[in-house]
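Everything below concerns the one structure shown next.
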Amino acid sequence: MNKQKNNRRIISLNQILVWVAIFAVAVFFFNRSGVQTKELNYSDFKQKVASGEVSDLTVAPTLITGTLKEAEGKESRFKTVRMEDPDLVRELTAKNVGFKAQADSSWVSNILFNVLWIFLLIGLWWFVFIRPQRNDGKSAMNFARSKAKMQDPSKQNITFKDVAGVEEAKEELQDIIKFLKNPKKFHKIGGKLPKGVLLYGAPGTGKTLLAKAVAGEAGVAFFSASASEFVEMFVGVGAARVRDLFDQAKKNSPAIIFIDELDAVGRRRFAGIGGGHDEREQTLNQLLIELDGFESKQGIILMASTNRPDVLDPALIRPGRFDRHVSVPAPDLKGREEILKVHAKKVKLAPEVDLKTIAKGTPGFVGADLANVINEAAILAARSDKEAVDNADMDEAVERVIAGPQKKSRIISEKEKKIIAAHEVGHTVVARLTHHSDPVHKVTIIPRGQALGYTLQLPLEDKFLTSKSEILDRICILLAGRVSEEVVFGEITSGASDDLNKATAYARKMIMELGMSDKIGPIALPGGEEGEVFLGRDLSRHRQYSEDLARRIDAEISDTLQNAYARAKEIITSHRAQFDTLIERLLEKEVVEAAEIDEILGLAPAKKEEAEKVESQPDQPAQQAELF
Ligand code: ADP
Ligand code: ZN
């Protein structure tokens with residue numbers, strides 16, 4: 001990890017600004033000293049007085065300055081060293097030259113003034129280029145102080161009752177609270193002390209809120225900083241800020257340190273062409289050092305949030321670092337209602353408003369969106385001088401939030417929701433009714449990552465061998481989403497594209513790599529999906545086997561997919577009633593678990609002891625789990 005320090009610097013906007021400032025100061029400084037000030041000797045000066053060519057004199061104890069009239073009406077400044085000359089005042093008066101006395105000798109202040117500018121310049125230069133290189137957070141100017149916001153435990157009033165719809169996450173955070181309440185006792189009992197908790201989930205699902213609530217429940221100080229703040233400045237500053245953040249927290253322990261958007265610093269290192277990002281890497285290294293350096297018995301818990309757990313540097317999520325992963329999913333129907341309730345407490349609702357109905361009409365909304373809905377509704381009601389927020393306000397508010405800039409891409413219309421439900425139920429029913437497939441764990445139409453909905457299948461045990469029947473069933477399940485769109489709506493959508501890719505890949509692999517096709521025979525051919533080289537695939541295929549075989553392979557892949565499609569259609573149409581019931585149930589509840597699926601399909605429950613643990617992994621499900 002001791003990466004050689006190199007001197008490449010990031011040129012940020014800040015740096016450009018500082019350069020502009022230096023330039024401006026320099027111009028000002030040179031202009032000032034460059035003002036045309038003529039030095040006259042005293043006899044010349046006396047002459048000019050006599051000829052009436054001077055005016056506006058300032059007479060200091062050692063220096064006389066003033067304006068000098070030159071040819072063609074031009075004027076310039078002059079100065080002369082003052083001499084013992086008792087008659088001067090009388091002569092000036094006689095010539096009607098305006099003059100004033102100055103107590104202090106102005107050249108001293110002049111010099112001081114100039115020196116000050118020089119110091120300023122040097123200071124600025126040091127500040128920008130020397131100090132960051134020294135990578136030292138303890139220097140005089142507190143530039144590297146973390147911008148962390150501290151929240152005092154006495155003023156901390158957010159608790160778990162302010163966070164709704166994330167019961168599982170709350171449950172998982174309980175022992176963190178217990179620990180923070182009494183770190184010493186926890187330590188005495190022994191066992192593994194918690195250290196770093198990673199909250200992951202889509203933006204606005206309440207990760208920050210949860211972290212604050214943990215602090216509130218435990219009554220400890222809460223320090224928060226956004227990881228992007230660490231990287232925006234000069235080299236070394238981010239690292240210094242991380243250090244400072246930990247120092248502050250240690251002084252106030254027990255405490256929670258919360259880092260928002262951890263992926264801003266925590267992305268995999270050495271990724272991308274031309275090496276990593278220096279500043280980010282230094283900051284990440286510092287974060288790792290701090291993580292390793294503090295003992296949990298000091299009563300500090302580090303929490304962080306991200307919506308991209310998959311891009312985090314593996315070093316960050318190793319045991320002893322952010323080893324506790326808590327999923328903060330988008331809320332389901334019930335969760336949305338709970339969240340609406342929490343926020344509705346802050347406004348006056350007309351009795352007609354039914355939050356459950358609103359929850360039904362807001363699929364895909366996360367906590368932040370729902371908070372926004374209530375807020376907008378309150379504003380609308382106030383604008384039309386209503387006593388309380390009514391249904392019209394709520395409907396209008398929902399529409400506004402849907403139209404909101406970031407919401408647009410995530411929102412699912414009523415019609416789309418039906419299609420997604422039918423598609424997912426297709427996967428589910430076929431997965432449950434084919435004999436060589438893994439048990440279905442649940443089906444949901446709550447979006448997750450790129451998927452609009454998914455059916456989760458979990459195997460009962462680790463498998464090392466896969467049979468032909470299993471692969472054929474898998475292809476059948478994959479195609480069932482498309483099949484059920486066709487069966488229910490008579491129209492197919494783009495939603496199945498990922499399924500089709502996977503199904504085709506399975507078929508190809510089965511035929512070309514595993515030699516499982518009767519027509520093609522036991523043969524393994526180059527150019528299967530894996531080990532495929534960019535651009536090289538078709539070339540090598542043509543080189544390695546005949547046109548004729550290629551044509552037969554293509555036909556066999558196509559047949560396999562067609563047969564699987566027909567089989568899926570047969571399963572669905574022969575169970576149409578149960579199939580429709582399941583779609584309805586899914587639309588209503590958004591998640592349907594295994595037991596209920598079996599009940600609707602009229603089956604004895606399958607064994608499903610495995611499961612759960614997959615849910616607590618970062619967004620990538622364990623390899624053997626299947627999501628459609
Ligand atoms: P994240 O950190 O996951 O992006 P935040 O915690 O910043 O989301 O949520 C933003 C706001 O949305 C919160 O301050 C709160 O008002 C509201 N909110 C989000 N999730 C919830 C929730 N589960 N329960 C109640 N309010 C929520
Ligand atoms: Zn699908």
Side-chain angles (χ1 to χ4, degrees), residues 158-170 173 198-216 222 224 226-227 258-263 303-308 326-332 334-347 355 359 365-375 401 406-407 419-431 443-445 447-448 450-457 474-485 492-503 568 626-628:
I158 292 173
T159 61
F160 272 178
K161 70 174 175 357
D162 299 302
V163 197
V166 283
E167 299 311 316
E168 277 169 40
K170 284 191 200 170
L173 292 168
L198 182 66
L199 302 172
Y200 66 94
T205 46
K207 298 179 290 297
T208 311
L209 194 66
L210 258 176
K212 274 188 192 155
V214 170
F222 180 78
S224 70
S226 173
F258 177 71
I259 300 178
D260 203 3
E261 308 171 54
L262 182 65
D263 42 296
M303 295 180 85
S305 80
T306 180
N307 57 339
R308 296 294 309 275
V326 177
S327 163
V328 188
D332 60 4
K334 194 162 159 293
R336 291 201 299 274
E337 188 185 341
E338 300 292 321
I339 295 171
L340 284 168
K341 269 188 203 154
V342 166
H343 290 278
K345 275 189 206 132
K346 297 166 205 156
V347 302
L355 295 179
F365 276 45
V366 293
D369 300 326
L370 296 166
N372 221 344
V373 166
I374 298 284
N375 192 36
V401 174
Q406 30 137 340
K407 188 66 215 172
I419 297 175
I420 295 165
H423 178 108
E424 291 309 324
V425 169
H427 289 312
T428 306
V429 168
V430 174
V443 55
T444 169
I445 49 172
R448 166 161 163 172
Q450 297 294 313
L452 295 169
Y454 58 92
T455 299
L456 179 63
Q457 261 188 303
R474 207 166 282 177
I475 294 173
C476 191
I477 296 166
L478 280 163
L479 294 176
R482 164 62 64 86
V483 170
S484 82
E485 289 177 26
I492 51 184
T493 71
S494 61
S497 82
D498 192 45
D499 296 337
L500 292 182
N501 274 333
K502 279 193 201 147
E626 287 278 358
L627 287 183
F628 303 110

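Counting starts at 1 for both ligands and their atoms, following the listed order. Residue numbers start at 1 and run along the sequence shown. Keep in mind the model is a prediction, meaning the values are calculated, not measured.
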Checking a contact table here: which protein heavy atom is nearest [atom], and how many Å away?
{"atom": "atom 5 (P) of ligand 1", "result": "Gly206 CA, 3.9 Å"}
{"atom": "atom 18 (N) of ligand 1", "result": "Gly367 C, 3.6 Å"}
{"atom": "atom 24 (N) of ligand 1", "result": "Ala164 N, 3.0 Å"}
{"atom": "atom 10 (C) of ligand 1", "result": "Ala368 CB, 4.0 Å"}

Any salt bridge linking Lys334 with Glu337? Criterion: basic side-chain nitrogen under 4.0 Å from a carboxylate oxygen.
no
With a heavy-atom distance limit of 4.0 Å, tell me whether [X] approaches ligand 1 through its side chain, its backbone, both, or neither.
{"X": "Pro203", "answer": "backbone"}
{"X": "His343", "answer": "side chain"}
{"X": "Leu209", "answer": "both"}

If you round to the nearest 0.5 Å, how far is [atom2] of [Y] from [atom1] of [X]?
{"X": "Glu485", "Y": "Ile420", "atom1": "CD", "atom2": "CD1", "result": "9.5 Å"}
{"X": "Asp369", "Y": "Asn375", "atom1": "CG", "atom2": "CG", "result": "12.5 Å"}
{"X": "Phe258", "Y": "Leu210", "atom1": "CZ", "atom2": "CG", "result": "9.0 Å"}
{"X": "Asp263", "Y": "Ser305", "atom1": "CG", "atom2": "OG", "result": "8.0 Å"}
{"X": "Asp162", "Y": "His343", "atom1": "CG", "atom2": "NE2", "result": "8.5 Å"}
{"X": "Leu199", "Y": "Leu262", "atom1": "CG", "atom2": "CG", "result": "10.5 Å"}

Short N/O/S contact of Asp499 with the Zn ion (ligand 2) (below 2.8 Å)
yes
Tell me, do Val166 and Thr205 make a side-chain contact under 4.5 Å, heavy atoms counted?
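A side-chain contact under 4.5 Å is absent here.
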Please state whether Asn372 comes within less than 4.0 angstrom of ligand 1, counting heavy atoms only.
no
If only atom types and distance count, is the side chain of Lys502 paired as donor or acceptor with the main-chain N or O of Leu478 below 3.5 Å?
no
Val166 to ligand 1: N or O pair under 3.5 Å?
no
Compute the shortest N/O to N/O distance between Asp260 and ligand 1 and return yes if it is under 3.5 Å, no if not.
no
The Zn ion (ligand 2) - name of the N/O/S atom of His423 that sits closest to it:
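It is NE2 of His423.
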Of the choices Ala371, Ala213, Ala202, Gly204, which has the non-hydrogen atom that lies closest to atom 1 (P) of ligand 1?
Gly204
Option set Thr208, Leu199, Val163, criterion heavy-atom distance to atom 2 (O) of ligand 1, minimum
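Of the listed residues, Thr208 has the closest heavy atom.
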